[in-house]
Amino acid sequence: MSIEFSCPHCGSQTNVDDRFAGQTGPCRTCGAPVTIPGTPTQPFAPMPPPPPRGSGTAPALLIGLGCLAVGLFLVVPILIALLLPAVQAAREAARRNVCNNNLKQIGLALQNYADINNALPPAYVADENGRPMHSWRVLILPYMEQKALYDRYNFDEPWDGPNNSQLADLMPSTYRCPSDSGASPPSTLTSYAAITGQGTLFDGDTPSSFGMIRDGTSNTIAVAEASQAGIHWMEPRDLDIAQMTFQINGSPADIHSEHPGVAMAVFADGHTTTLSTSVSAEMLRA
């Protein structure tokens with residue numbers, strides 16, 4: 001390998017073997033003494049640029065982010081699974097509260113009807129042949145701020161007649177429990193039914209009065225949930241005591257609710273309560 005250098009006196013270019021590096025001798029052109037450079041001539045190889053600042057931690061950062069993503073992927077579903085029952089319970093509590101308020105409004109409407117008419121509404125209004133035509137749910141409309149809807153109802157035709165059928169989709173929200181999927185909008189099915197038949201407050205087309213109750217208004221069910229009965233809100237049909245098995249959430253003919261473990265009812269005195277599925281048939285019958 002040779003060393004290329006310039007004479008500092010005359011500027012002439014000279015190549016010598018690299019074994020003479022560092023030695024001093026006369027210039028071949030001008031004869032002046034010249035010291036041969038100590039570094040041999042080599043092809044220039046540029047050094048690689050320095051790595052960007054922080055690049056040494058990039059792989060670790062990416063690994064950390066990946067671990068975080070995996071952790072969230074595993075943890076978030078667990079958190080959702082833990083929180084979901086609490087969220088569902090809160091929503092059900094809110095729905096039950098709405099249902100309770102609905103029954104309170106129905107109970108208050110029944111009492112207001114009795115105050116004005118000196119009797120409770122009959123279970124139904126019958127035609128001249130004794131066939132049920134109109135439900136108590138229609139009769140109490142004016143007493144639950146539904147006078148305009150009541151005025152549109154035609155008592156000269158059956159509940160499902162040409163005019164009245166046009167009112168089917170106008171069921172008051174009070175007649176619908178938010179937990180009752182069968183009565184959800186735009187359904188025309190009601191969530192609530194009276195207990196009808198001999199010995200009840202609603203015995204056919206015969207009006208009853210609170211004075212006829214022998215064992216106290218606070219012990220007598222007037223209206224309860226009937227989510228499986230499939231009753232149109234204007235239909236003159238309810239829960240017939242003669243067909244009940246007296247088991248909460250038993251057959252479709254029984255008091256039935258979508259609230260877990262309970263059903264709600266309003267009593268003759270206007271108070272509401274939850275009826276547990278464990279209540280005995282004897283107590284429920286009483």
Side-chain angles (χ1 to χ4, degrees), residues 102-144 146-147 149-151 153-161 164 167 171-172 174-175 189-226 229-246 251-256 265-272 275 281-286:
N102 288 345
L103 286 167
K104 281 187 176 181
Q105 292 186 48
I106 292 173
L108 181 60
L110 290 173
Q111 291 189 340
N112 290 338
Y113 182 101
D115 289 342
I116 300 299
N117 299 278
N118 297 317
L120 288 164
Y124 56 82
V125 176
D127 62 13
E128 63 275 8
N129 298 318
R131 184 182 63 180
M133 286 185 65
H134 314 295
S135 169
W136 63 270
R137 282 177 290 270
V138 174
L139 297 179
I140 68 171
L141 286 176
Y143 305 93
M144 51 191 302
Q146 294 289 338
K147 181 66 164 56
L149 180 57
Y150 178 84
D151 290 341
Y153 190 88
N154 186 357
F155 284 90
D156 294 329
E157 67 179 36
W159 67 274
D160 55 354
N164 295 334
L167 308 179
M171 178 174 70
T174 307
Y175 289 153
L189 302 181
T190 181
S191 304
Y192 309 110
I195 310 301
T196 64
Q198 186 175 5
T200 71
L201 287 177
F202 299 92
D203 188 2
D205 59 351
T206 304
S208 300
S209 66
F210 293 120
M212 299 171 60
I213 300 175
R214 296 192 301 268
D215 53 356
T217 56
S218 63
N219 299 317
T220 303
I221 295 176
V223 177
E225 290 190 85
I231 301 174
H232 189 288
W233 76 273
M234 293 188 296
E235 182 182 2
R237 180 169 67 91
D238 291 273
L239 297 180
D240 187 349
I241 194 171
Q243 299 179 8
M244 295 173 64
T245 66
F246 300 100
S251 71
D254 285 297
I255 296 173
H256 206 288
V266 60
F267 285 65
D269 66 346
H271 88 277
T272 58
L275 304 172
E282 292 75 17
M283 180 175 292
L284 188 59
R285 181 189 297 271

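In this structure, A268 and F210 approach most closely via the heavy-atom pair O-CE2, 3.3 Å. In terms of heavy atoms, P207 sits closest to D205 at CD-O, 3.5 Å. Considering all non-hydrogen atoms of both residues, A253 and Q243 come closest at CB-O, 3.7 Å. Among all heavy-atom pairs drawn from E235 and G230, the shortest one is OE1-O, 4.2 Å. A pairwise comparison of heavy atoms in L103 and A265 identifies CD1-N, 3.7 Å as the closest pair. What you find for D215 and A286 is that their closest heavy atoms are OD2-O, 3.8 Å.
Partners of D269 by side chain to side chain contact (heavy atoms under 4.5 Å, CB included), not counting sequence neighbours, listed by chain and number: T217, S218, F267, H271. Annotation: side chain to side chain contact (heavy atoms under 4.5 Å, CB included) contacts of N118 (sequence neighbours excluded): none. The side chain to side chain contact (heavy atoms under 4.5 Å, CB included) test applied to N154 returns D156, E157, N163, N164, not counting sequence neighbours. With sequence neighbours excluded, the residues forming a side-chain hydrogen bond (donor to acceptor under 3.5 Å, both in side chains) with Y153 are H134, listed by chain and number. Remark: M133 pairs with D127, P158 by the side chain to side chain contact (heavy atoms under 4.5 Å, CB included) rule, at least two apart or across chains.
Side-chain contact check for I140 versus N112: every heavy-atom pair is 4.5 Å or farther apart. When side chains are defined from C-beta on, S135 does not count as touching I231, because their heavy atoms never get closer than 4.5 Å. The side-chain heavy atoms of I255 and L284, taken from C-beta on, include a pair separated by under 4.5 Å. Proximity of L275 to I221: side-chain heavy atoms (C-beta onward) are separated by under 4.5 Å at one or more points. At a threshold of 4.5 Å between non-hydrogen side-chain atoms, the residues M144 and Y113 do not count as touching. Using a 4.5 Å heavy-atom cutoff, the side chains of V125 and P236 are not in contact.
We find the CZ-OG1 distance between R285 and T245 to be 9.5 Å, quoted to the nearest 0.5 Å. From S191, atom OG reaches atom CD of E225 across 7.0 Å, with rounding to the nearest 0.5 Å. Atom CG of L189 sits about 7.5 Å away from atom NE2 of H232, to the nearest 0.5 Å. Within the model, atoms OG1 of T174 and CD of Q146 stand 6.5 Å from one another, a figure rounded to the nearest 0.5 Å.
D115 and Y143 are not linked by any side-chain donor-acceptor pair at a separation below 3.5 angstrom, with hydrogens and angles left out of the test. A donor-acceptor pair shorter than 3.5 Å cannot be found between the side chains of T200 and D203.
R137 places a side-chain N or O within donor-acceptor distance of the main-chain N or O of W233, the cut-off being under 3.5 Å. Listed for the D254 side chain is a donor-acceptor partner under 3.5 Å among the backbone atoms of S251. At least one donor-acceptor pair closer than 3.5 Å links the side chain of S208 to the backbone N or O of L201.
A centroid separation of less than 6.0 Å is found between the aromatic rings of F155 and Y150.
Partner D238 forms a side chain to side chain contact (heavy atoms under 4.5 Å, CB included) with one of W136, Y124, F202 and no other, that one being W136.
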Please table the atom pairs, donor to acceptor, closer than 3.5 Å between any side-chain atom in residues 192-199 and protein atoms at least two apart or in another chain.
from, atom 1, to, atom 2, distance (Å)
Y192, OH, N102, ND2, 3.2
T196, OG1, L239, O, 3.1

